[in-house]
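The structure appears below as structure tokens.
Side-chain atoms are counted along with the backbone in the values below, which use heavy atoms only and exclude waters and symmetry mates.
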Amino acid sequence: MASATVLSPIEAAAPEGYAAAAPLPDVLPPVKTRKGFIGFLRRNPTMAVGGFLLLLMLFIAVFAPLLWTVDPTALAPAKRTREPSALYWFGTDMLGRDVYSRVLYGARVSLLVGFSVAFLASVIGMAIGMISGYIRLADSVIMRVMDGLMSIPPILLAIALMALTRGSVQNVIIAITIAEIPASRAWCAAWCCRCASNPYVEAAVAAGTRTPMIIWRHILPNTLAPITVQATYICAAAMITEAILSFIGAGTPPIIPSWGNIMAEGRALWQVKPYIVFFPAIFLSITVLAVNLLGDGLRDALDPRMAKRL
């Protein structure tokens with residue numbers, strides 16, 4: 001009895017009298033989609049690195065009293081300008097204060113100023129930007145005021161505002177916030193103009209929806225993502241501005257340990273005791289880098305069209 005010939009699915013589907021072609025090899029390997037937290041980190045390495053560094057700085061700022069620190073304002077003239085050692089990890093300054101403790105406590109001031117300015121400038125700039133970006137009559141008035149503020153560099157405006165008040169962390173936050181509002185408003189106004197030309201906004205206008213409801217339900221939700229990304233850059237700029245103000249003596253009082261104050265006090269001994277300036281400068285650079293990396297990662301994650309990799 002003859003054995004039956006088993007045909008492959010491709011040969012069985014071929015018409016009679018025609019030979020079926022062999023299956024083509026896979027040119028590209030199948031894409032493996034990783035899910036969960038690990039997959040998110042692999043897809044967004046920039047955000048993962050920036051977020052980790054920022055969380056590390058937040059941990060240092062919150063738990064500074066538990067990280068083998070001493071009173072950052074305690075004076076010890078007999079122990080001044082000690083080199084970094086096992087006893088004084090970052091050395092001591094010209095008044096005998098522990099630089100390690102002052103640097104760790106200084107993270108509180110920089111992060112507080114950065115986050116506060118980013119939140120306040122983003123909220124106020126978003127409110128002004130949505131009004132001026134959607135209501136043309138109000139834009140003509142608001143633009144003149146903002147153009148006047150934007151004509152002054154933010155650092156000079158912050159210095160001028162600090163010259164009118166006494167040095168404190170609250171006044172530094174207010175001065176830097178006022179200096180950063182024009183840039184935040186311009187960004188939000190441009191994005192609102194972009195959203196206002198979308199078909200769903202035009203349909204809402206044609207349906208008779210009131211302007212406040214259009215702004216609240218259609219414009220605001222679509223501006224939160226770009227404003228969040230912009231807030232990270234404002235946070236980094238605010239920390240640098242605070243360090244500059246403290247460095248030139250126009251920021252927080254010298255008694256408050258901030259990275260700008262530490263560098264300002266150590267600049268006179270830079271050539272012989274560079275560690276007094278080196279350690280706070282390294283911490284400031286790492287923190288600003290972390291915030292910028294987090295902002296770049298948020299930009300790529302929230303807006304795939306602007307992603308560097310497809």
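At a cut-off of 3.5 Å, with distance as the only test, no side-chain donor of Asp71 or Tyr105 sits close to an acceptor on the other residue. When only modelled atom types and interatomic distance are considered, Glu242 and Ser246 share a side-chain donor-acceptor pair under 3.5 Å. Side chain to side chain, Thr81 and Asp93 fail the donor-acceptor criterion of an N or O pair below 3.5 Å.
Under the ring-ring contact (aromatic ring centres under 6.0 Å, His included) test applied with Tyr100, the options Tyr88, Trp68, Phe90 reduce to a single match, Phe90.
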*Start with the C-alpha gap between Arg102 and Glu265, add the side-chain angles, then the distance that decides, and say whether salt bridge (charged side-chain N to carboxylate O under 4.0 Å, His left out) holds.*
CA-CA 12 Å; Arg102 291 178 63 80; Glu265 295 167 355; 3.4 Å; yes
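Scanning both residues, Leu161 and Ala175, for their nearest heavy atoms gives CD1-O, 3.7 Å. Residue Thr46 comes nearest to Gly297 through the heavy atom pair CG2-N, 4.1 Å, listed as atom of the first residue, atom of the second, then distance. Listed here is the closest heavy atom pair of Ile234 and Ser184: CD1-CB, 4.0 Å. Here the closest non-hydrogen pair linking Lys79 and Thr92 is O-OG1, 2.7 Å.
Taking the side chain as every heavy atom from C-beta outward, Leu245 and Ile155 approach each other to under 4.5 Å. Between Thr287 and Trp259 there is a side-chain heavy-atom pair separated by less than 4.5 Å. By the 4.5 Å heavy-atom criterion applied to side chains, Val291 and Val288 are not counted as neighbours.
Atom CD1 in Ile181 sits 5.5 Å away from atom CD1 in Ile128 (nearest 0.5 Å). Atom CE in Met57 sits 4.5 Å away from atom CD1 in Ile286 (nearest 0.5 Å). Distance check: Ile240 CD1 to Leu284 CG gives 6.5 Å after rounding to the nearest 0.5 Å. Within the model, atoms CD1 of Ile244 and CE of Met239 stand 12.5 Å from one another, a figure rounded to the nearest 0.5 Å. With rounding to the nearest 0.5 angstrom, the NZ atom of Lys273 is 11.0 Å from the CE atom of Met94. Distance check, rounded to the nearest 0.5 Å: CG of Leu54 to CZ of Phe59 gives 14.0 Å.
Leu66 is not connected to Val70 by any chain of hydrophobic side-chain contacts under 4.5 Å among Ile, Leu, Val, Met, Phe, Trp and Tyr, and they are in different clusters. By the rule that hydrophobic residues join a cluster once side-chain heavy atoms approach within less than 4.5 Å of another member, Ile255 and Met263 end up as members of one cluster. Transitive grouping of hydrophobic side chains (ILVMFWY, heavy atoms separated by less than 4.5 Å) keeps Met150 and Ile176 in distinct clusters. One hydrophobic cluster, built from ILVMFWY side chains closer than 4.5 Å, cannot hold both Ile152 and Val145; they sit in different ones.
Within a 6.0 Å sphere centred on CZ of Arg108, heavy atoms belonging to other residues, nucleotides or ligands number more than 12. Under a cut-off of 6.0 angstrom, the local environment of CD in Gln271 is sparse, with at most 12 non-hydrogen atoms contributed by other residues, nucleotides or ligands.
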